[in-house]
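So you know, we letter chains A, B, ... as the sequences are listed, proteins then strands, and number each from 1.
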Amino acid sequence: MNASGLLTVLVDGIAYGMLLFLFSIGLSITLGLMRFINLAHGAFAMGGGYVLVVLVGMAGLPFLLALPVAFVAAGLLGAALELTVIRHVYRKSELQQVLFSIGLAFAAGAIANILFGPQQQPIPLPGWATHMVTVLGIAISGYRLFVMGCGLVALGLLIALFNHTLFGARVRAAVDKRVTAEGIGINVGRLFAAAFSLGAAFAGLGGALAVGFLGLDPSFPLKYLVIVLMVVAIGGPGSISGSFVAALFLGVADALFKYWLPEVGGFVIYAILVAVMIVLPKGLAGKPA
Amino acid sequence: MTASAPIRLALPVLIAIAMACYLAFPDYLGLMASILIVAAFALSYDLLQGYAGIVSLGHAVFFGIGAYTVAVLGSHGISEPLVTLAAALVVSGAVAGLLARIVVVGNDFTRLLVTLGVDFLFHEAANKMRWLTGGADGLSSFEVGPIAGLFAFDFRGQTAFFYALGVLVLIYLAVWRITTSPFGLALRGIRDNARRMHAVGAPVARHMAVTYVLSGAIAGMAGALLAQTSNFASLDMLGFERSAEAVMMTAIGGTGSIPGVVLGATLFTWLKDALSALSPKYWHLGLGIVLMASVFVLPEGLAGLPARLGRLLRRPR
């Protein structure tokens, strides 16, 4: 194997990791803050993906214009679901949460199947995305670079939001002591709704970006469920930087092993999950789930 | 427990209903046998989740192992159903014993992930080990002999029906025995408050591990039943979707209630059959809606329905 081949795989893995980060951040927030096991989180990513397919593939809108629309649409969808149904599930037992969210994931996949059919959704990528750029001697497609850029920007924005704004301070307060936070006048219900829809929005952005990278079909919410749960579990629920590190690690590990050992490539990621859960049941960030 | 009287009544009622269905719908014996098998699988999961409080998203691993045990033995000339059923029990129980340690550690969330990860690992392994499992095509050309050398499986599904009913009754009695024993009481204590059980000196981790092994062994028997009656073993028998189905059937029926779970499995399989006949996408949509609604409408499952109705009727007075 030559070095440039390895580096190409590495870059692929990093870009994949960035997508995983975008998918998982919302789940990390819901799990860390609200203790809500949302197995349907991938449905928001799928929603963002289909918004992009409709806007770019069917209506012919420019790709860069459709991305923010997918972000906002997934966020609105998240807000609508949170305000009407999901907020009533927080108080239920873990099993009930699992049931509700699996049900939601199944229903979302079925609706996508009924509306768009079971096939993969192709979209025309803009010229700059298919253009190869040479960075440090490695040829990278513009799309991969763009995905990586989006992931880094999202990381910066989220860290700034959670660590340096009043919103972030309130969220952190509510996580640590919900009752006290309510006692000093923080409207925790509204805060949760905002955080939930923010997470859904980032998942939608990830899903939209994933269309040109991983493809999109109705099995999307379940297909990436495990790896997204892994990112959250390994990163430590509620930790943004933890999720980022875990997402990059898993993305690169997955790409490398599928390249090196295609016979066992599929195992490695699950074996890592089981191993990490045994050694570090609380994840890298060490906060209890 | 006041629940013991209905439980005593439930088994004769279950057998009576099964026999009535047998007489009334002789053309649907195949569907009925699959309902009985799925009910056995759901019972094994209920033992784990309803009594010990271990939420697992990977219980189909044992179901699949049971099915593959039958298929592999059958293609090597060991085809007596009672022998392969016992073998399935032993093999899946042994695998559960190996996995128990890693499933018992941690909290509900990590357990959810570990069981999910284990399920995907086994699915992937079975997919890759084509020489043993037939890969994505599954195994179908194995032999299933007559039961005890007397009752051959027939095309009408009569033998399969009575065989599945017999094994289900056995499993029902076993689960009943386990859950009403002192051990079963300790399990309920662990489910309700593991920390307190720890404090009173109960070996929490060991109890959970033992339950995991028992439950895995029973799930393996259910898988063996399916392989024997359908003469087929395939990857979907140990996939995530089947694991999720066990969780759903148990929840719809009512966790911790043996008759409820059998009822839940029946309703679930019947609904799946009816909706899938329309289209798989409607099945998934219907399933999703039923699940979401059940969390709000029937949080205790079908088993909680009488109490809920009772409360509703008593309220006006």
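In this structure, the portion of B/V55 lying under 4.5 Å from any heavy atom of chain A is its side chain and not its backbone. With a 4.5 angstrom heavy-atom cutoff, B/I252 does not touch chain A via any of its atoms. Looking at B/T255, only its side chain comes within 4.5 Å of chain A, counting heavy atoms on both sides.
Closest of all the heavy-atom pairs between A/A110 and B/K281 is CB-O, 3.3 Å. Minimum interatomic distance between B/L113 and A/A233 (heavy atoms only, all atoms of both residues): CD1-CB, 3.0 Å. The minimum heavy-atom distance between A/A271 and B/L121, with the atom names listed, is N-CD2, 4.0 Å.
Residues of residues 83-95 of chain A having a heavy atom under 4.5 Å from any heavy atom of chain B, listed by number: A/V85, A/H88, A/V89, A/K92, A/E94, A/L95. Listed by sequence position, A/I111, A/N113, A/I114 are the residues of residues 111-118 of chain A in contact with chain B, using a 4.5 angstrom heavy-atom cutoff. Contacts between residues 21-30 of chain A and chain B, counted as heavy-atom pairs separated by less than 4.5 Å, involve no residue at all.
A heavy-atom distance below 4.5 Å is not found between the side chains of B/L287 and A/I102. When side chains are defined from C-beta on, A/L225 counts as touching B/F240, because their heavy atoms get closer than 4.5 Å. The closest side-chain heavy-atom distance from A/F106 to B/M248 is below 4.5 Å.
Within 6.0 Å of the CZ atom in B/R101, the count of heavy atoms belonging to other residues, nucleotides or ligands does not exceed 12.
The candidate from A/I37, A/I272, A/L229 with the greatest count of non-hydrogen atom pairs under 4.5 Å with chain B is A/L229. Per-residue counts of heavy-atom pairs under 4.5 Å with chain B were compared for A/A108, A/A107, A/A40; the largest is that of A/A107. Contact count against chain A (heavy-atom pairs under 4.5 Å) is highest for B/M292 among B/M292, B/R111, B/Q49, B/E241. No other option in B/S294, B/A293, B/A244, B/A125 has as many heavy-atom pairs under 4.5 Å with chain A as B/A125.
Within the structure, salt bridge (Lys or Arg N to Asp or Glu O under 4.0 Å) pairs that include any residue of residues 217-234 of chain A comprise A/D217-A/K223 (at least two apart or interchain).
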